Amino acid sequence: MDIQTRLKEAITSATGSLFDQPVENVALQPTKKEFKGLYTFVTFPLTKTTRKPPVEIGQAIGNYLKENTAFVSDFNVVQGFLNISIDDGVWVDSLNGILSDADFGRLPAKGQTVMVEFSSPNTNKPLHLGHLRNNFLGDSITRILKAGGYDVVKTCLVNDRGIHICKSMLAYEEFGNGETPESTGMKGDHLIGKYYVWFDRAYKQQIEELVEEGMSEEEAEKKAPLLLKVQEMLRKWEQGDPDTVALWKKLNQWVYDGFNETYHRIGVSFDRTYYESETYLLGKDIIEEGLEKGVFFRKEDGSVWIDLTDDGLDQKLVLRSDGTSVYITQDLGTTDLKFRDFAIERSIWVVGNEQNYHFEVLFAILRRLGRPYAEGLYHLSYGMVDLPSGKMKSREGTVVDADDLMEEMRETAEARTRELGKIDDFAGEEARHLYHTLAMGALKYFLLKVDPKKRMLFNPQESIDFQGHTGPFIQYTHARICSVLRKAEQMGLEVRPSLKPVELSEIEQQIVFLLSQYPQRIAEAAADFAPSYLAQFAFELAKAYNQFYGELSILSESNPDRQLFRVALSGAVAETICKAMELLGIEVPTKM
RNA sequence: GGACUCGUAGCUCAAUUGGAUAGAGCAUCUGACUACGGAUCAGAAGGUUUGGGGUUCGAAUCCCUACGAGUCCGCCA
């Protein structure tokens, strides 16, 4: 049993025997730096029931703990705060325990399977910075859930059809001149993105012309020849016209080839990919079901609605008057499909917060339809990524392209590394891999360290910073520890879980304390779907280690037991940094 | 018009979910011994947590209000 649990139980029995009112769910917090101790118990809440002043309660519990347990070495009370110090021997034992558990941090299996849908791109343009936040979050949360004891199914729903896809197709037909990714040397997704932009530009120009001829803007938007053409193309696609379908397949394949390259680069993969072209007709049977159950109602024009005003929402259309489905109809069908395809208990969508309302409605409908899985649905809603210049707008060309950005990061990593000249012995391939590792570490960490729910600012200058609260800082700490461990090995010092009790300095206690918190952090991150907790944890750990490294000698420590402890502590920190960063999808080098 | 989210050091973010004198990084300034990796460390400075009111032992956190920023409310996806 870990220290924290033992301490909580001891406090429960202390309050039980002292005040006859055992506190069941003891809440402990880490002691603030300026006070002595590592765990703090707040006694204010007990003043009412015990009718004693907070300081007296703290003193009483402190004394009880010191006398009745073997692991509380000291305590102090400041106002209503009982600060507890733990015996050094317990910390050494704790480190022994951590070292002997190869799976340290991995929580017991929950026997529950969770599906996570993320990435879900449109096949009409390349990925941008916003997609990267989505992909990194989705990828990281699946890793965290796995570490948290869940089985996970990663899925991606590709938006591969619809009017917006036809826009690039039409532009390609009109202006493409038979270009291909090979003939232009462009990545397929970028090539198609170019045509999407072309369409938009030409369409706007047509509107302008029509307006000049005296048409209202609203009408011009609907009557522009290009729009009529693209609508015609969508009709043909839906009717299965062979030429249209062939063009669609060819262009989409180019995009997929481009996406796969990017996915490979960012280290993201899926267990199952759904294509909207295969799922967009789903959900209509659910409309029938809902009408029969009285959950939906039909209006005079034939359209079908649901009234969600009781849930604080609006009336919502679920089927058009012409009998075709809308976005939410598809999602109803697709959600059913997911639960048919996989034996899952929960399903999570990683989707931006502009769709909060959509998901509220979706979940409310499924609850009313009585779906047994309805309580297990969750929208992992994340905030938008802003630029110093303001919002990213694809229409206005102010988006940051994912591939361009990664290339810049790679160049920065290479330049910085060469400047420092620490890896001159690396072979070409090895060096290239390191640049990639550092670039992705910087980028992923930058996007994951912020609470997913909050909108964030992407400052290009800060993102290529490799110092301070950054991925490369943590990677550096790991590489530095590895260097120490290599030397330790040469000296015949091994990291082994058979450490003898030694007196510890504060920073050493602090580090073991942090390490011992790791499993709990994973549990919290999994519960809140928050990779940022682990990003924060890895940083705290790296920072503490660097402080330790600066204050104390490791290899030149004269006391052999202490020397061995410090080597082992270093080993455990390196291992835990590596694991925590892995949960963010970030690799850590052994040399950099 | 209606619903929701957010506002913390010059900048970017934390704050264990209501706990102590609100913490980190960047930027600025000062310092680090022939020592295990200086992409590091130690220190200084920086705050009326947007303003105002309330709830209580205790509020950045909960409630009300004003101001400011954003998102959604399509027979679009």
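Letters A, B, ... are given to chains in the order of the sequence lines, protein chains preceding strands, and every chain is numbered from 1. What you see below is based on every heavy atom in this structure, not just the backbone, and it leaves out hydrogens, waters and symmetry mates. Values in this document were obtained by computation on a predicted structure and should not be read as measured data.
Between the CZ atom of A:Phe35 and the P atom of B:G19 there is a distance of 15 Å, rounded to whole Å. Whole-Å rounding puts the A:Leu282 CG to B:A77 C1' distance at 16 Å. For the pair A:Asp311 CG and B:A3 C1', the computed distance is 13 Å after rounding to whole Å.
Annotation: B:G7 and B:U61 have their C1' atoms spaced 13 Å apart (nearest Å). Using P as the reference atom, B:A22 and B:A44 are 16 Å apart when rounded to the nearest Å. Taking atom C1' on both B:C62 and B:G46, the two are 30 Å apart, rounded to the nearest angstrom. A gap of 46 Å separates the P atoms of B:C67 and B:U40, to the nearest Å. B:A15 sits 13 Å from B:C6 when the P atoms are compared, rounded to a whole Å. Here the separation of B:G31 from B:U21, taken at their P atoms, is 34 Å to the nearest Å. Taking atom C1' on both B:U16 and B:C64, the two are 29 Å apart, rounded to the nearest angstrom. Remark: the separation of the P atoms in B:G70 and B:U56 is 37 Å, to the nearest Å.
Ion pairing of A:Arg235 with A:Glu232 is present here, as a side-chain N (NZ or NE/NH1/NH2) and a carboxylate O approach within less than 4.0 Å. With respect to the salt-bridge test (charged N to carboxylate O, under 4.0 angstrom), the residues A:Asp451 and A:Lys453 qualify. Ion pairing between A:Glu288 and A:Lys284 fails under the 4.0 Å rule for side-chain N and carboxylate O. Ion pair A:Asp561/A:Arg566 not flagged as a salt bridge, since none of the NZ, NE, NH1 or NH2 atoms sits closer than 4.0 Å to an Asp/Glu carboxylate oxygen. Using a 4.0 Å cut-off between a side-chain N of Lys or Arg and a carboxylate O of Asp or Glu, A:Asp200 and A:Lys167 do not qualify as a salt bridge.
Pair assignment for B:A42 gives B:U30, based on Watson-Crick or G-U wobble hydrogen-bonding distances that are each under 3.5 Å. B:A3 is paired with B:U71 under the Watson-Crick or G-U wobble criterion, all donor-acceptor distances under 3.5 Å. Base pairing annotation: B:G18 forms no Watson-Crick or G-U wobble pair, as no partner gives both donor-acceptor distances under 3.5 Å.
Closest to the side chain of A:Lys48, from the set B:C57, B:G19, B:U40, is B:C57. Checking B:G19, B:A39, B:C36 against the side-chain heavy atoms of A:Phe466 singles out B:A39 as nearest. Each of B:G19, B:A39, B:C36 was ranked by its minimum atom distance to the side chain of A:Lys487; first place goes to B:C36. For A:Gln547, taking side-chain heavy atoms from C-beta onward, the closest of the listed nucleotides B:C41, B:U12, B:C57 is B:C41. The side chain of A:Gln79 sits closest to B:U21 out of B:G37, B:A14, B:U21.
Residue-level contact check: A:Asn459 touches neither bases nor backbone, having no heavy atom under 4.0 Å from any strand. No engagement by A:Gln517 is indicated, since no non-hydrogen atom pair under 4.0 Å with the nucleic acid exists. Among the atoms of the strands shown, base atoms are found under 4.0 Å from some heavy atom of A:Thr417. Among the atoms of the strands shown, only primed sugar atoms or phosphate atoms (P, OP1, OP2) are found under 4.0 Å from some heavy atom of A:Asn159. Using a 4.0 Å heavy-atom distance criterion, A:Asp528 is classed as a base contact. Within the 4.0 angstrom heavy-atom criterion, no nucleotide atom of any strand lies near A:Pro54. Among the heavy atoms of the strands lying under 4.0 Å from A:Thr40 is at least one base atom, whether or not backbone atoms are also near. A:Asn122 comes within 4.0 angstrom of nothing in the nucleic acid, heavy atoms only. Residue contacts shown for A:Pro388 are absent, as no nucleic acid heavy atom lies under 4.0 Å away. Within the nucleic acid shown, A:Met456 comes within 4.0 Å of sugar-phosphate atoms alone, with no base atom in reach, counting heavy atoms only. Looking at heavy-atom distances under 4.0 Å, A:Lys454 makes contact with sugar-phosphate atoms alone, never a base. The residue A:Ile554 sits close to a base: some heavy atom pair falls under 4.0 Å. As judged by a 4.0 angstrom heavy-atom cut-off over every strand, A:Asn83 is placed among the base-contacting residues. Within 4.0 Å (heavy atoms only), A:Ala488 reaches no atom of the nucleic acid at all.
Aromatic pair A:Tyr280/A:Trp237: centroids less than 6.0 angstrom apart.
When atom types are taken as modelled, the side chain of A:Gln475 and the backbone of A:Thr437 share a donor-acceptor pair closer than 3.5 angstrom. At distances below 3.5 Å, not a single donor-acceptor pair connects side-chain atoms of A:Asp314 with backbone N or O atoms of A:Lys316. In terms of modelled atom types and a separation under 3.5 Å, the side chain of A:Asp301 and the main chain of A:Ser303 share a donor-acceptor contact. At distances below 3.5 Å, at least one donor-acceptor pair connects side-chain atoms of A:Thr47 with backbone N or O atoms of A:Phe44.
Around the CD atom of A:Glu489, the shell of radius 6.0 Å holds no more than 12 heavy atoms that belong to other residues, nucleotides or ligands.
If A:Glu276 and A:Leu552 are placed on RNA chain B by their nearest nucleotide, the residue sitting closer to the 5' end is A:Leu552. Each of A:Gly550 and A:His164 was assigned the nucleotide of RNA chain B with the nearest heavy atom; the assignment lying further toward the 5' end belongs to A:Gly550.
Glycosidic conformation at B:U28 (O4'-C1'-N9-C4 for purines, O4'-C1'-N1-C2 for pyrimidines): anti, more than 90° from 0.
Here A:Arg486 does not reach the OP1 or OP2 of B:C36: none of its side-chain N or O atoms lies under 4.0 Å away.
Using bins of under 30°, 30° to 60° and over 60° for the plane-to-plane angle, the ring pair A:Phe359/A:Trp349 lands in the tilted bin.
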Extract from the structure each pairing of a protein N or O with an N or O of nucleotides 23-26 of chain B at less than 3.5 Å, listing the distance.
| from | atom 1 | to | atom 2 | distance (Å) |
| --- | --- | --- | --- | --- |
| B:G25 | O2' | A:His469 | N | 3.0 |

With the criterion being N/O to N/O and under 3.5 Å, what pairs connect the protein with nucleotides 69-76 of chain B, and how long is each?
| from | atom 1 | to | atom 2 | distance (Å) |
| --- | --- | --- | --- | --- |
| B:G70 | O2' | A:Arg455 | NH1 | 2.6 |
| B:U71 | OP1 | A:Lys391 | NZ | 2.2 |
| B:C73 | O2' | A:Asp314 | OD2 | 2.8 |
| B:C75 | O3' | A:Arg320 | NE | 3.3 |
| B:C75 | O2 | A:Ser321 | OG | 3.3 |
| B:C75 | N3 | A:Ser321 | OG | 2.9 |
| B:C75 | N4 | A:Asp301 | OD2 | 2.0 |
| B:C75 | N4 | A:Ser303 | OG | 3.4 |
| B:C76 | OP2 | A:Arg320 | NE | 3.4 |
| B:C76 | OP2 | A:Arg320 | NH2 | 3.2 |
| B:C76 | O3' | A:Arg320 | NH2 | 3.4 |

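A:Arg480 forms a cation-pi arrangement with A:Tyr549, by the criterion of a distance under 6.0 Å to the ring centre and an angle within 45° of the ring axis.
The aromatic ring of A:Phe81 sits over the base of B:A20, with ring centres less than 5.5 Å apart and planes inclined by under 30°.
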